[in-house]
Structure formats: C-alpha cells, structure tokens
Amino acid sequence: MENQLTNNANALRLFFTDEVFLVKDESVEIQPLRNAEPVFVAAQVAAEPQKESVVKTEVTQIPGIKAPEIPKVYPQSPEITHVVAEPAPEKTFKFLGGNKKSVLILVNDESNDVSTEQGRELLRKIVKAVDLGTPDFAILNYSRYQGTDFAELYQFFKPVTMLSFGVEIAHLKLDLVWQNEIITHGTTRIIFAPNLHHLDSDLTAKKLLWGNLQKIK
C-alpha cells in the first residue's frame, strides 16, 4: 500500500481550500530526530526439542483366527452288500390223481407210467381197500425225479400219508430205519413196500402192507 503522507502542494490543495499560513512558534523547541537505530531484542529462544505427541495406543491382541481345518477324509471300506438268499423255487411234479386227501403214492418204474399190468391191478385193490378214489390221492413216478428228497416232496404235496412202492428211505434222504411198521415223520405217516410188480407175487410183503393199511383207515 502506498504512503498516504504527502508534501505535494497540488495534492494538499485538494483537501485544504482555505489559506493556510505557517507560523513559527518560538516557544516550542523541536528536537531534531536522531537516527534511531533499530533495536533488536535478541531473544534467545532455546530450541526446545518438540515433544513428540506420543499416543500410547493400547494394542489389544486379537486372537489368531485359525484357518478352518479341512476335514480329514478317511478311506472307506468297501460297502458290504448283504445278499439275502432267496428261497429256491418250488420244484414242480407231474402226477396222476387229485390229492384232495393229501395221500401221496410213490412208484418207481422206469419203463411204465405207473407199473406193469399186474402192478396197476394190485394198486387198484390197495386204494379201494382203504376207501380212496382217484381224486383223493396223487401218484408220482419217482424214476422221473431221481435225487428228489422228502423235503421237496413235502413242500409240494404236503402229504398226510405216503405209500412208497419201490422208493427206499435212502432215496428220500431220510435218517430213518424201516422195521415193517408205520413211520411217523413230522406230520406224515409213511409206509414202505416193495415195487408194485414184485409186491404182487410176494405174499409176506402183502400181509405186512395190509396190516399197516388197517392202522391208517
């Protein structure tokens, strides 16, 4: 900013329109100004080291976060498949008669369906003697089913009485002994006799058979 003090006459006329007279006043002694030396106060300011603002930060240690553990994979033992054994399919048989009274008659003839003419005639007399008709019994030729045991026959026919002509106990895999008397095996009464053709000419065997048949009437 420029100094506003001025001694220029022209400039002063702008502010002072009246006449101004300079009068020397002898009573006032104006002391000449001495060259004033600037006085500097040497303020020795010790440079104090600036205290660092120490902010005591209390660090709270955050518990370490463990990385999620990968679940261990253990080798699995091969799955054991439980196999349920299915029951063997029921064996079927081709037979004569109706089996209404659950009477099974076994014959053993490789040459004929039942037996020879003599053997068939004897069988007709036997079933008539015990009051059995064709619908009451089942005639099975065992020679067509070699190896079949009693359990398989029972599963199919469910016999209450079984007359076996020419089929031995060993054939049926029974742990029994024939002593010319009726054998009761489970719920089945069993009579063993010779092959029909041979039985027709065996008088002793016929008497034994007749005695056992009287017991099952």
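Predicted model, so just to flag it, every value in this text is computed and none were measured.
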Do Thr188 and Ile183 pass the side-chain contact (heavy atoms from CB on, under 4.5 Å) test, and can you show the C-alpha distance, the side-chain angles, and the key distance before you say yes or no?
CA-CA 8 Å; Thr188 306; Ile183 295 174; over 6 Å; no

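- For Phe192 and Phe165, the gap between ring centers reaches or exceeds 6.0 Å.
- In terms of modelled atom types and a separation under 3.5 Å, the side chain of Ser143 and the main chain of Asp109 share a donor-acceptor contact.
- At a threshold of 4.5 Å between non-hydrogen side-chain atoms, the residues Asn99 and Phe137 do not count as touching.
- Between Ile105 and Leu123, the closest side-chain pair of non-hydrogen atoms falls below 4.5 Å.
- In this structure, His171 and Tyr142 have parallel ring planes: the angle between them is below the 30° cut-off, well short of the 60° mark.
- Connection of Val130 to Leu122 is established within a shared hydrophobic cluster, with ILVMFWY side chains joined at heavy-atom distances below 4.5 Å, either directly or through further cluster members.
- Between Phe95 atom CZ and Phe156 atom CZ the span is 5.0 Å, to the nearest 0.5 Å.
- Side-chain contact between Leu208 and Lys206 is absent, with no heavy atoms from C-beta onward closer than 4.5 Å.
- Shown here for Leu153 and Pro159, the closest heavy-atom pair between the two residues is O-CD, 4.4 Å.
- At a threshold of 4.5 Å between non-hydrogen side-chain atoms, the residues His185 and Phe150 count as touching.
- Taken together through direct or relayed side-chain contacts under 4.5 Å among Ile, Leu, Val, Met, Phe, Trp and Tyr, Ile126 and Val160 form parts of separate hydrophobic clusters.
- By the 4.5 Å heavy-atom criterion applied to side chains, Tyr154 and Leu104 are not counted as neighbours.
- Using a cutoff of 4.0 Å between basic side-chain nitrogens and carboxylate oxygens, Glu117 and Arg124 are scored as salt-bridged.
- Among all heavy-atom pairs drawn from Asn212 and Ile182, the shortest one is O-CD1, 3.4 Å.
- Among all heavy-atom pairs drawn from Tyr145 and Thr92, the shortest one is CE2-O, 4.0 Å.
- Rounded to the nearest 0.5 angstrom, Leu196 CG and Arg120 CZ are separated by 10.5 Å.
- Checking Ser115 against His197 by side-chain atom types alone, no donor-acceptor pair falls below 3.5 Å.
- In terms of heavy-atom proximity, Leu174 sits nearest to Ile169 at O-CG2, 3.2 Å.
- The shortest heavy-atom contact between Ile216 and Arg189 is CA-NH1, 3.6 Å.
- For the side-chain contact (heavy atoms from CB on, under 4.5 Å) with Met162, the qualifying choice from Ile191, Val103, Ile190, Val167 is Ile190, the only one to do so.
- Taking 4.5 Å as the limit, every side-chain heavy atom of Asn141 sits out of range of all side-chain heavy atoms of Leu106.
- Within 6.0 Å of NZ in Lys215 there are more than 12 heavy atoms belonging to other residues, nucleotides or ligands.
- Considering all non-hydrogen atoms of both residues, Gln118 and Asp200 come closest at CB-OD2, 3.7 Å.
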Let's go through Trp178 and Asn180 carefully: what are the C-alpha distance in whole Å and the side-chain angles of both, what is the deciding distance for side-chain hydrogen bond (donor to acceptor under 3.5 Å, both in side chains) to 0.1 Å, and is it a yes or a no?
CA-CA 6 Å; Trp178 173 247; Asn180 298 322; 3.2 Å; yes

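- Separation of atoms OG1 (Thr148) and CG (Leu140) is listed at 8.0 Å; rounding is to 0.5 Å.
- Remark: the backbone N or O of Asn108 is paired with a side-chain donor or acceptor of Asn195 at under 3.5 angstrom.
- Within the structure, salt bridge (charged side-chain N to carboxylate O under 4.0 Å, His left out) pairs that include any residue of residues 140-168 comprise Asp113-Arg144 (at least two apart or interchain).
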